[in-house]
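Proteins get letters first, then strands, A, B, ... in listed order; numbering begins at 1 in each.
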Amino acid sequence: MNLEDRIRRRQRRDAGPALVREYETLSPAAHVENPVGRGPTVERVLNHFDPIFDGRTPSNLYLHGPPGAGKSAVVTALWRKLDQLPMETQPVIHTSTRVQRQSSPTFVYLDGRRIDSAFAFYHALLSAVESDAVPASGVRTATLRDRLQDRWRTADSSVVVAVDHLDDGEGPPTAVLDHFESLSEYVCWLGIGRAKPEATAVAERIGDAIRLDAYHHQQLGDILSARASAAMSERTLGHQQARTIAEWADGDAHHALAALFVAADRADSRERTRLTDEDVRVATERLSTDAVSLARVLTLPDNRQAVLRELVDADATARSSVATAAEAVAASLSGSLSEGSIKRFIYEMAEAGILERVETAAGTDHGRRPSRVEARFHVPVFRRLFDLR
DNA sequence: GATCCACGGGAATACACGGATG
DNA sequence: CATCCGTGTATTCCCGTGGATC
């Protein structure tokens, strides 16, 4: 983290026209209000949950597809809209003999990556539906569950919980969904994951499934153009450049947006207002399509991110073993964490796929072979976003 | 004061290699 | 020649502590 750079950047931004107006908008981890090219999917999801507006509880839905296909984009956009739905358009009570829920349905979005225990699950759920802060400790899990149960029983309304990153190899154990059953019979869920429905641990509880394929290159080009216009200005990104990035990313919107980010940042630092082909070429060369989602990195606890931030600036020598890497990070974090803890974090994050441990080929002389530490996420994007916080 | 979770630290364990041992 | 052992390193896992809440 270089303070001078940050100040210089800010000064420059105040002084003259900058290419990148909004790094937050340009972030590959950010979702827009209207995802380009996914209208039909939004419709299908909406149709599935439509009965809820008549007071009925729909079956559970599972949305699946490869990474970067827009699964999270669809759900976050839709949930955001449903949440803002004005009261008048919400359910009207019809005269009918069937059981009707009285008040409007609730839509909750949970990021499964942050849910690793029953407590975390109930806490996230309660935080999402209650206006005041929910205690994060000192309260037993059962108490949180009871509070939710009471709330939904008396509120007399249906609830749809979207659980993102379910069963896609980086999410929580699907056992999380077991906790739904005890809550209310008016609760249903929308699971989002990579695995096919039949391959999930909750296969038999899925009522319906929607598959989302990777974007076509043409669609992905449109997404890039839209994002470029939103975060920068019109005509910043050439049509052919968008196509080049889309082809490199091979349909994965996350990688494509990361490349756009790096290219734009490069152009910005050179005081240009348009991307050059060189910017695009360098960006795609600096990134790897093996990278893991940035959202995953950016939702890590602060101390882990701080470790990563120092780690990506460490030179190859320092990263030649976990021990030396931890030592280097500990030195630059000046004692806020012990070397042992940093070491443990590195092992933890390697286990999670965010870092990679590469065993050195030749055994030196004594002892077990060390592992070189490599980042498996889009480093330049992370570096910039972290420093802008 | 009792209860609970999260965090950090460090103890315990696994592994690689060279050399000793039968 | 096969295997066992010691040493140094890497890796995993558990437990105490602190802060928060009822």
Side-chain angles (χ1 to χ4, degrees), chain A residues 110-151 154 163 165 169-173 175-180 182-183 292 296-311 314-376 386 389:
Chain A
L110 296 185
D111 184 346
R113 289 178 295 223
R114 312 211 80 168
I115 316 285
D116 57 358
S117 65
F119 182 87
F121 167 75
Y122 290 123
H123 185 264
L125 214 44
L126 206 50
S127 302
V129 297
E130 279 196 357
S131 41
D132 18 323
V134 182
S137 67
V139 53
R140 52 167 63 235
T141 306
T143 311
L144 293 185
R145 191 192 58 223
D146 293 346
R147 265 170 78 176
L148 267 173
Q149 242 166 355
D150 290 348
R151 183 190 177 87
T154 55
V163 185
H165 309 289
E170 57 180 56
V176 162
L177 290 184
D178 293 336
H179 302 295
F180 280 97
S182 59
L183 285 175
V292 100
R296 248 181 106 191
V297 177
L298 296 169
T299 52
L300 288 171
D302 288 347
N303 52 10
R304 316 295 152 107
Q305 289 194 48
V307 168
L308 285 181
R309 181 64 187 88
E310 297 307 327
L311 194 60
D315 60 24
T317 321
R319 286 185 291 101
S320 63
S321 83
V322 175
T324 54
E327 194 185 339
V329 171
S332 41
L333 287 178
S334 55
S336 59
L337 282 168
S338 82
E339 212 176 302
S341 294
I342 294 170
K343 223 186 262 181
R344 185 167 55 79
F345 291 171
I346 292 175
Y347 283 115
E348 239 174 44
M349 293 189 286
E351 186 65 29
I354 291 166
L355 295 173
E356 188 175 9
R357 295 195 344 246
V358 187
E359 198 175 277
T360 46
T364 42
D365 42 6
H366 267 309
R368 193 170 169 172
R369 291 173 191 158
S371 306
R372 182 160 46 88
V373 183
E374 300 280 355
R376 273 198 70 214
F386 183 93
R389 296 195 307 183

| remark: Quick tally for nucleotides 3-18 of chain C: nucleotides whose base has a protein heavy atom under 4.0 Å get B, sugar-phosphate-only ones S, the rest -, giving -----BBBBBB-----
| Do the side chain of A/Glu339 and the main chain of A/Ala326 share a donor and acceptor less than 3.5 angstrom apart? | no
| query | Checking A/Arg319 side chain against A/Ala314 main chain: does a donor-acceptor pair fall under 3.5 Å? | reply | yes
| B/dG8 phosphate, OP1 or OP2, under 4.0 Å from A/Asn303 side-chain N/O | yes
| query | Is any side-chain nitrogen or oxygen of A/Ser341 closer than 4.0 Å to OP1 or OP2 of B/dG9? | reply | yes
| What does A/Thr141 touch in the nucleic acid at a heavy-atom separation under 4.0 angstrom: a base, only the sugar-phosphate, or nothing? | sugar-phosphate
| A/Arg145 CZ - B/dC5 P separation (whole Å) | 13 Å
| Rounded distance in Å - CZ (A/Phe345) to C1' (B/dG10) | 13 Å
Close side-chain approach of [X] to [Y], heavy-atom, < 4.5 Å:
X	Y	value
A/Ile346	A/Leu355	yes
A/Phe345	A/Val329	no
A/Thr141	A/Phe121	no

| request: Output all residues satisfying salt bridge (charged side-chain N to carboxylate O under 4.0 Å, His left out) with A/Glu348, sequence neighbours left out; order by chain, then residue number. | output: A/Arg304, A/Arg344
